[in-house]
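Working notes for the structure below.
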Number of protein chains: 2
Amino acid sequence: MTHMTSTGRPIQVGIDDLKRELRVQGATVSARLGQAVRGLATRNLHALDEVAIGDGDINARQMGIDDRAFKLLALQQPVAIDLRVIVAAIKVNADLERIGDLAVNVAEASRRYIDHGAISDEDVLPRMAEVAEMMLHWAIDAFVTGNVGLAQSVLERDDTLDSLRDQAFRRLAATMAKAPTYVPSALELMLLTRHLERIGDHATNIAEDVFFVVAGEDVRHNAHGLSASQ
Amino acid sequence: MTHMTSTGRPIQVGIDDLKRELRVQGATVSARLGQAVRGLATRNLHALDEVAIGDGDINARQMGIDDRAFKLLALQQPVAIDLRVIVAAIKVNADLERIGDLAVNVAEASRRYIDHGAISDEDVLPRMAEVAEMMLHWAIDAFVTGNVGLAQSVLERDDTLDSLRDQAFRRLAATMAKAPTYVPSALELMLLTRHLERIGDHATNIAEDVFFVVAGEDVRHNAHGLSASQ
């Protein structure tokens with residue numbers, strides 16, 4: 001049975017629209033991160049510059065998603081899981097926008113790194129980039145489908161990412177101490193590992209929101225007898 | 001005239017409670033950041049360790065604030081500025097919790113820096129710390145009082161902070177290239193400037209929420225004739 005609201009439109013339709021838009025935003029942000037990472041690997045300066053100038057569509061879509069979510073909150077007066085998923089969507093929306101900003105940072109640091117001159121330590125990046133991209137992909141999927149198991153995988157991968165960053169940090173610090181001329185390049189690589197780590201942090205935020213949306217349901221459902229709309 | 005809800009409790013009372021709790025959380029987080037910054041300056045290892053072990057109260061208060069906000073959304077069905085301020089409170093709450101985490105990071109990096117041995121480049125930090133602390137203080141104040149002018153000052157200070165970080169970065173990179181034995185200490189200082197920069201970013205997020213809460217009111221008020229509760 002579908003819960004109808006005063007507007008005559010099932011709230012689930014609004015929530016599905018919201019999730020669909022978040023998926024598009026996630027795919028856009030993910031594509032830009034991928035372009036920056038591949039741009040560095042293939043020395044494609046044009047691809048890097050394209051990411052570095054930013055993407056107005058991301059900001060416009062972010063505002064559209066917020067607007068949609070606030071209208072649902074104001075006009076449909078959701079409760080229980082519907083309420084949590086809409087508020088979480090606003091937070092996920094902010095995380096995706098920041099990941100978009102970090103993709104710009106990745107492109108800019110890659111550009112400077114190439115200008116300074118490549119060093120062999122660059123091989124610390126591909127595995128980190130792969131994990132960060134996977135976490136982002138899984139986090140969006142987990143949010144849209146409410147998949148707690150997938151959200152759990154994102155949290156586990158964050159430990160992998162942090163450990164890769166620590167390894168990279170130690171190796172790059174050793175390089176800087178041994179070969180001072182490599183300092184500018186090594187610092188940009190270090191910065192790149194930090195950007196990838198922060199992308200992982202935002203994916204982790206999204207995964208934590210999945211737990212909040214789903215686990216909150218069980219608790220509050222039992223406590224207040226509120227029922228979800230599907 | 002006060003807008004009453006079906007629970008018989010003016011929604012403004014709930015919003016005031018929420019803001020009061022956020023102010024307490026902000027003061028707690030700010031005190032811990034201050035303790036970390038002063039702990040480094042005065043070489044007070046005990047103070048640094050105290051911050052580094054974290055503060056369970058911050059996490060408990062964060063959950064309490066979220067819970068309060070969700071109850072307001074579910075039970076009082078707010079619209080217009082009330083709705084925006086409650087959703088923004090949930091975002092501000094998350095920003096404050098992350099600033100708390102960054103204060104832990106500042107304490108940890110300070111501890112390692114002291115272990116590696118102090119270097120004269122340390123003087124890049126106090127001004128950055130001062131700006132970051134001021135931004136945090138102003139951002140919370142601007143949110144609680146809805147002061148757009150103060151929020152604007154936070155945004156302006158973020159440029160100052162970024163420019164101080166860039167100066168620090170160049171100077172520390174030069175030190176590392178010239179004096180390889182200073183690399184470990186210089187890297188921790190660089191990390192500290194990043195943590196302070198990110199604290200500024202979170203303060204900026206809070207300031208942007210003030211604009212959203214207040215400016216959104218004008219736009220939607222005119223468009224839909226919804227009226228705020230005060």
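- The residue among A/Ala174, A/Ala94, A/Pro180 with the most heavy atom pairs within less than 4.5 Å of chain B is A/Pro180.
- Remark: A/Arg84 does not engage B/Asp66 in a salt bridge, criterion side-chain N to carboxylate O under 4.0 Å.
- Ion pairing between A/Asp115 and A/Arg111 holds under the 4.0 Å rule for side-chain N and carboxylate O.
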- [ ] Assess whether salt bridge (charged side-chain N to carboxylate O under 4.0 Å, His left out) is satisfied between A/Asp17 and A/Arg20, documenting all intermediate values.
- [x] CA-CA 5 Å; A/Asp17 286 348; A/Arg20 193 173 307 113; 3.0 Å; yes

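- Annotation: maximal heavy-atom pairing with chain A below 4.5 Å, among B/Arg198, B/Arg194, B/Met190, B/Met176, occurs at B/Arg198.
- Between A/Lys71 and A/Asp67 there is a salt bridge, since a side-chain N of the basic residue sits under 4.0 Å from a carboxylate O of the acidic one.
- Of the atoms belonging to A/Tyr182, not a single heavy atom falls under 4.5 Å from chain B.
- For A/Leu172, no part lies under 4.5 angstrom from a heavy atom of chain B.
- The backbone N or O of A/Ile119 lies less than 3.5 Å from no partner atom in the side chain of A/Ser185, so there is not a single donor-acceptor pair.
- In terms of heavy-atom pairs under 4.5 Å with chain A, the best-connected choice from B/Ala186, B/Ala177, B/Ala69 is B/Ala177.
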